[in-house]
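Structure first, commentary second.
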Amino acid sequence: MTYEVKSLNEECGLFGIWGHSQAAQVTYFGLHSLQHRGQEGAGILSNDQGKLLRHRDTGLVSEVFKDPADLEKLKGQAAIGHVRYATAGEASIDNIQPFHFKFYDMAFGLAHNGNLTNTKTLKRELEQDGAIFSSSSDTEILAHLIRRSHKTDFVDKVKEALNKVKGGFAYLLMLEDKIIAALDPNGFRPLSIGQTANGAIVVSSETCAFEVIGAKWLRDLKPGELAIIDDSGVHYDSYTDETQLSICSMEYIYFSRPDSVIHGVNVHTARKNTGRRLAQEFAHEADIVVGVPNSSLSAASGFSEESGLPNEMGLIKNQYTQRTFIQPTQELREQGVRMKLSAVSSIVKGKRVVMVDDSIVRGTTSRRIVQLLRDAGAAEVHVAIASPPLKYPCFYGIDIQSRRELIAANHTVDEIRQIIGADSLTYLSIDGLIESIGLETDAPNGGLCVAYFDGKYPTPLYDYEKAYLKSLKEKTSFFLDEVK
Ligand code: SF4
């Protein structure tokens, strides 16, 4: 049987807290600091002495909770929250998390970040067995698997269910008496545990949320691990021994906030190191370094320090626009680039500029920024990218599942240089990336997933195997046609 693998891409943010008199308010602040991980929708589910209460909607966290009453009604000493990543379509409130499942004998809340690679198979099996799905998200699958487990203890049911789902995932479950946090066997997504000054246990996709609420970091969840959080504190357990750290390298390159620390490495420092290494791999003469705000500023500072070239603010970002990566149509992406950046003529005029950016996905943004710099009078624009060429799709939770969208999939570096109109184009090497992030681990690829760059996926692709093989045949030559 053949079937289309549908795009269910999420790179969302999770936050949870147990043991705080203002749990929902703290979760609101936590979600605020995770807003960069998803702007399509947000929700909070609180636990008021075993009664689960929820508010969710589409929009930014501040929009979803613009009426203070929406937050005030979420009483209780525990809460979990979610910010959802924007993808084309699927903007219905039904897909906004946390989900709230009610049964005759119990209820639980569930929030999820990532993408399962065996969704179709599991969904088909579950539907053949009578399950009914109420959203297009694959998050519900775990709930069905938990309910169908014949184990008696709830944590054992969860463990059994986790062994059936494959791919990249982080889950937060809330029951009457506990929160359970779980991470996939490769730890593709970050998930950290912390503690507030009053002893409440918190869990967050990124440690930047801990700073905001005055919590201290306790530790990161390991691949294949569970954290069970209740009135007695936090306990760690595992559901599989078949684990191998392969955290998504794009978390360091692009997604996470620079003040977050993932597996002991600060994101800003990792980016700065990529910039340093990039400067070593760069072979052109230039006058100034200009980072593309905001996610490339750290790499630009590293490039500047290593090369000795001054780091100048030649590009200014309007802080109040959304990131181009998440705009679902080409027209909106182009519009997004126009709205959000300006080149500073008095800085770049007559200069040979090294334009440092974190990545090139479709090439649209880079081409536009190179043009902005030229229009502002730059004598030369040398583009330096603080990551290797993006050539392969991601099936673990990032919104690129087709090589058609990746300019590097079918074009040489020099062709890309022509397309974006640069004088030179330098990408960071894969070894340079791995060494720059420098995780302390014996795991392959320095504990990172670099499948985006080398096509070597750390797990079987299950339902996506056919989609992947098909994607290898896809051409992106329309990019070159556009500029001819
Ligand atoms: S394929 Fe790329 S985006 Fe996906 S998890 Fe691996 S490194 Fe991250």
Side-chain angles (χ1 to χ4, degrees), residues 253-254 271 274-293 295-317 324 333-334 337-338 340-391 406-430 432-433 453 476-484:
I253 295 165
Y254 180 80
R271 286 181 189 164
T274 61
R276 283 187 179 283
R277 179 66 178 252
L278 185 57
Q280 292 166 7
E281 297 179 3
F282 182 82
H284 305 276
E285 295 291 320
D287 301 314
I288 60 170
V289 178
V290 173
V292 178
S295 54
S296 308
L297 297 179
S298 303
S301 75
F303 192 108
S304 165
E305 283 182 20
E306 183 69 21
S307 64
L309 299 173
N311 186 16
E312 299 284 4
M313 213 185 264
L315 290 165
I316 302 292
K317 184 180 183 185
T324 311
R333 277 193 289 274
E334 302 258 6
V337 177
R338 273 197 295 275
K340 72 181 190 182
L341 279 181
S342 315
V344 185
S345 181
S346 56
I347 292 175
V348 304
K349 194 168 184 182
K351 297 285 191 333
R352 295 172 297 176
V353 175
V354 184
M355 178 192 123
V356 176
D357 206 350
D358 49 57
S359 54
I360 299 178
V361 181
R362 302 167 181 89
T364 320
T365 308
S366 306
R367 194 167 75 198
R368 177 70 192 158
I369 303 171
V370 169
Q371 194 56 48
L372 280 176
L373 290 166
R374 289 205 191 283
D375 291 348
E380 293 174 15
V381 181
H382 298 272
V383 175
I385 302 297
S387 64
L390 297 176
K391 292 184 178 177
L406 300 171
I407 194 170
N410 284 295
H411 288 297
T412 64
V413 172
D414 194 56
E415 284 171 346
I416 301 168
R417 179 195 66 73
Q418 287 178 52
I419 292 166
I420 65 173
D423 291 287
S424 76
L425 172 60
T426 307
Y427 281 99
L428 183 66
S429 62
I430 294 179
L433 174 70
F453 314 115
T476 55
S477 52
F478 62 91
F479 281 110
L480 251 182
D481 296 343
E482 273 176 32
V483 291
K484 277 178 181 167

| task | Can you run down the ring-ring contact (aromatic ring centres under 6.0 Å, His included) pairs that involve residues 341-369, sequence neighbours left out, and say none if there aren't any? | result | none
| Which pairs with one or both residues in residues 344-354 pass side-chain hydrogen bond (donor to acceptor under 3.5 Å, both in side chains), sequence neighbours excluded? | D287-R352
| remark: One should read off an interatomic distance between I407 CD1 and S366 OG, to the nearest 0.5 angstrom, of 7.5 Å
| query | Sequence neighbours excluded, which residues qualify as side chain to side chain donor-acceptor pair (under 3.5 Å) partners of R277? | reply | E281, E435
| To the nearest 0.5 Å, how far apart are CG in L309 and CZ in F303? | 6.5 Å
| S359 and L390, any side-chain heavy atoms less than 4.5 Å apart | yes
| message | Considering only residues two or more places apart or on different chains, which pairs with a residue in residues 416-428 satisfy salt bridge (charged side-chain N to carboxylate O under 4.0 Å, His left out)? | response | R374-D423, D414-R417
| query | Does a side-chain heavy-atom distance below 4.5 Å link L315 with V348? | reply | no
| Hey, does I360 have a side-chain heavy atom less than 4.5 Å from the side chain of L425? | yes
| What residue pairs, at least two apart or across chains, pass ring-ring contact (aromatic ring centres under 6.0 Å, His included) with a residue in residues 361-390? | H284-H382
| said: Using the side-chain contact (heavy atoms from CB on, under 4.5 Å) criterion, which residues pair with S296? Sequence neighbours excluded. | reply: V292, D357, D358
| said: With rounding to the nearest 0.5 angstrom, report the CD1 to CD1 distance, I385 to I420. | reply: 6.5 Å
